[in-house]
Amino acid sequence: MTNAQPAAARPPYPVVAGLNFRPLAEPDVDAWLELVKRIAAHEKAPWHAQYSELVAAIFDEVNPVTENSIVGVDDSGVPRAYGRVSKNAAGEKAHVSGGIDPTWQRRGVGAAILAWQEAQTAARFLQDGQAHPKARDYVEEDNPALAALLSDAGYSIVRYFSEMVRPLDQAPATTALEGISIVTWTPELSEAARVAHNEAFADHWGSEPRSVEQWQIQMKHEHLRLDLSTLAVDNVSGEVIGYQLASVDPESSNGRKEGYTELLGVRRPWRGRGIAPALLLDAMARFSAAGLEFAALDVDTENPSGAHGLYARMGYAPVRSSMAWDKAL
């Protein structure tokens with residue numbers, strides 16, 4: 001007698017005239033990145049996946065690339081479209097992502113890839129012994145083509161996010177905290193920061209614990225700036241109780257020289273003591289000293305911690321929105 005879950009049939013690859021679909025593989029990374037860049041330039045996207053992220057996807061043991069990715073290549077072998085499915089074993093949703101070369105849009109490629117992603121999402125839920133499969137994608141507000149594709153396929157918006165920016169024309173003063181030190185992020189404290197992040201985001205919508213492997217992907221990102229990142233440490237116990245992880249994109253399409261707070265969190269027992277504002281003020285001072293002119297971050301507009309209001313009070317203003325789209329399969 002066994003409790004093993006039934007193996008799910010691998011969905012058939014999309015059928016699109018002029019494209020041959022197969023799984024992504026390590027030799028595709030350079031050409032895949034060029035495809036990602038072409039798509040981002042056409043969509044005027046504020047960011048795009050970097051080389052390290054694509055490599056990480058190829059070697060993702062949780063989401064094996066041979067089963068959870070496809071790439072459509074033309075008759076010359078050039079990648080023109082791709083799609084991925086990623087899911088944590090106990091996750092309540094699978095994340096679908098992908099893109100289509102601008103010259104291959106409006107040919108039904110997106111719908112074909114999305115149908116494959118939904119079938120693979122259902123297969124992943126079956127493998128994990130979970131009912132009620134759900135697919136999720138994130139869409140920038142100025143990407144109407146993707147929004148229309150998802151809407152036509154039965155997806156609906158379930159959450160809004162706001163990118164907020166604050167000018168650094170005056171370097172703000174940092175704030176001292178009683179019994180707490182704000183220190184520069186160091187590699188030896190990275191694992192403690194991961195544990196703190198998982199605890200801090202346990203009550204955040206859509207958040208799932210980050211594994212050691214997923215955290216290492218973040219730590220190896222090309223735009224990461226540990227010199228601009230900080231940890232709040234309890235002076236007595238030495239525990240990491242809060243964190244601010246920063247990045248700088250030197251080729252950002254938004255035209256701003258900005259420091260971006262990728263992650264900001266405070267563990268629940270230490271909330272309400274001004275740690276998050278202190279971390280942000282420290283980040284602003286570091287950004288300004290580094291010659292940057294703006295501080296930026298992204299926030300869930302319905303964040304239960306009241307983060308949106310905090311950022312507004314600290315001078316951040318919204319500049320663009322994005323949405324999470326879900327579909328129950």
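Residue numbers start at 1 and run along the sequence shown.
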Can a side-chain donor-acceptor contact be found between Gln127 and Lys87 if the only test is distance below 3.5 angstrom? no
Arg124 side chain to Asn68 side chain, donor-acceptor N/O pair below 3.5 angstrom: yes
Answer yes if Leu264 and Leu310 sit in the same cluster of Ile, Leu, Val, Met, Phe, Trp and Tyr residues linked by side chain heavy atoms under 4.5 Å apart, and no otherwise. yes
Any donor-acceptor pair under 3.5 Å linking the side-chain atoms of Glu163 with those of Tyr260? no
If Ile, Leu, Val, Met, Phe, Trp and Tyr residues are connected whenever their side-chain heavy atoms lie under 4.5 Å apart, and connections chain through other members, are Val195 and Val266 in the same group? no
Within-4.5 Å side-chain heavy-atom neighbours: Asp30 and Tyr51: yes
same_hphob_cluster(Trp215, Leu226) at 4.5 Å side-chain heavy-atom cutoff: yes
Criterion side-chain contact (heavy atoms from CB on, under 4.5 Å) on His308 and Ser162, from CA distance to verdict: CA-CA 9 Å; His308 192 276; Ser162 180; 4.3 Å; yes
Above 12 or not: heavy atoms from other molecules or residues under 6.0 Å from CH2 of Trp104? yes
Should Phe287 and Val319 be regarded as members of a common hydrophobic cluster, given that ILVMFWY residues are connected when their side-chain heavy atoms come within less than 4.5 Å of each other, either directly or indirectly? no
Are Val212 and Glu191 close enough that some pair of their side-chain heavy atoms sits under 4.5 Å apart? yes
Is there a side-chain contact between Asp28 and Tyr82, using heavy atoms and a 4.5 Å cut-off? no
Arg38 and Thr103 side chains, donor-acceptor separation under 3.5 Å: no
Quick one: closest heavy-atom pair of Val85 and Thr121, and the distance? CG1-OG1, 3.8 Å
Considering all heavy atoms, the nearest Phe125-Ala131 contact: CD2-O, 3.8 Å
For the atom pair CD1 (Ile70) and CZ (Phe21), what is the distance rounded to the nearest 0.5 Å? 5.5 Å
Where Trp116 and Pro12 come nearest, the two heavy atoms and their spacing: CD1-O, 3.2 Å
Would Lys93 and Asp326 pass as an ion pair if we require N to O under 4.0 Å? no
I'd like to know whether Ile182 forms a side-chain contact (heavy atoms from CB on, under 4.5 Å) with Leu279, so could you lay out the CA-CA distance, the side-chain angles of the two residues, the decisive distance to 0.1 Å, and finally the verdict. CA-CA 7 Å; Ile182 295 180; Leu279 285 166; 4.1 Å; yes
In Å and rounded to the nearest 0.5 Å, what is the CD to OG distance from Gln120 to Ser69? 9.5 Å
Counting distance only, does the side-chain N/O of Glu92 pair as donor-acceptor with the main-chain N or O of Ala90 below 3.5 Å? no
Are any non-hydrogen side-chain atoms of Leu280 and Met314 less than 4.5 angstrom apart? yes
Would you say the side-chain atoms of Gln214 and Asn88 include a donor-acceptor pair closer than 3.5 Å? yes
Tell me whether Arg10 contacts the main-chain N or O of Glu67 through its side chain, where contact means a donor paired with an acceptor under 3.5 Å. no
Do the ring planes of His197 and Tyr243 sit parallel (below 30°), tilted (30 to 60°) or perpendicular (above 60°)? perpendicular
Under a 4.5 Å cut-off applied to non-hydrogen side-chain atoms, are Leu224 and Glu262 in contact? no
For Ser229 and Ala246, work out which heavy atoms get closest and say how close. OG-N, 2.8 Å
Indicate yes or no: at least one non-hydrogen side-chain atom of His95 is less than 4.5 angstrom from one of Asp137. yes
When rounded to the nearest 0.5 Å, the distance separating CG of Asp249 from CZ of Arg256 is 11.0 Å
Interatomic distance, CG@Asp60 vs CZ@Arg84, rounded to 0.5 Å, equals 6.0 Å
Start with the C-alpha gap between Arg268 and Asp203, add the side-chain angles, then the distance that decides, and say whether salt bridge (charged side-chain N to carboxylate O under 4.0 Å, His left out) holds. CA-CA 9 Å; Arg268 180 176 288 277; Asp203 58 355; 2.3 Å; yes
Answer yes when Asp234 and Arg267 have at least one side-chain N-carboxylate O distance shorter than 4.0 Å, and no when they do not. no
Taking the basic N atoms (NZ, or NE/NH1/NH2) and the acidic carboxylate oxygens, is any pair closer than 4.0 Å for Arg107 and Asp74? no
Does one hydrophobic cluster hold both Met219 and Leu231, with members joined at side-chain heavy-atom distances below 4.5 Å? yes
Go through the steps to decide whether Val78 and Leu35 satisfy the test side-chain contact (heavy atoms from CB on, under 4.5 Å), and finish with yes or no. CA-CA 9 Å; Val78 177; Leu35 172 60; over 6 Å; no
For Pro133 and Ala122, work out which heavy atoms get closest and say how close. CB-CA, 4.2 Å
Counting C-beta onward and ignoring hydrogens, is there a side-chain heavy-atom pair between Ile157 and Trp325 closer than 4.5 Å? yes
Take Arg210 and Leu263, measure what side-chain contact (heavy atoms from CB on, under 4.5 Å) needs, and give me the verdict at the end. CA-CA 12 Å; Arg210 297 204 186 189; Leu263 295 174; 3.8 Å; yes
Which value, rounded to the nearest 0.5 Å, describes the distance between Glu222 atom CD and Ser247 atom OG? 11.0 Å
Can you tell if the side chain of Asp300 reaches within under 4.5 Å of the side chain of His204, non-hydrogen atoms only? no
Among Leu228, Leu297, Leu245, which one satisfies side-chain contact (heavy atoms from CB on, under 4.5 Å) with Thr261? Leu297
Which pair of non-hydrogen atoms, one from Pro269 and one from Glu199, has the smallest distance, and what is that distance? CD-OE2, 3.6 Å
From Phe294 atom CZ to Met164 atom CE, the distance as rounded to the nearest 0.5 Å: 14.5 Å
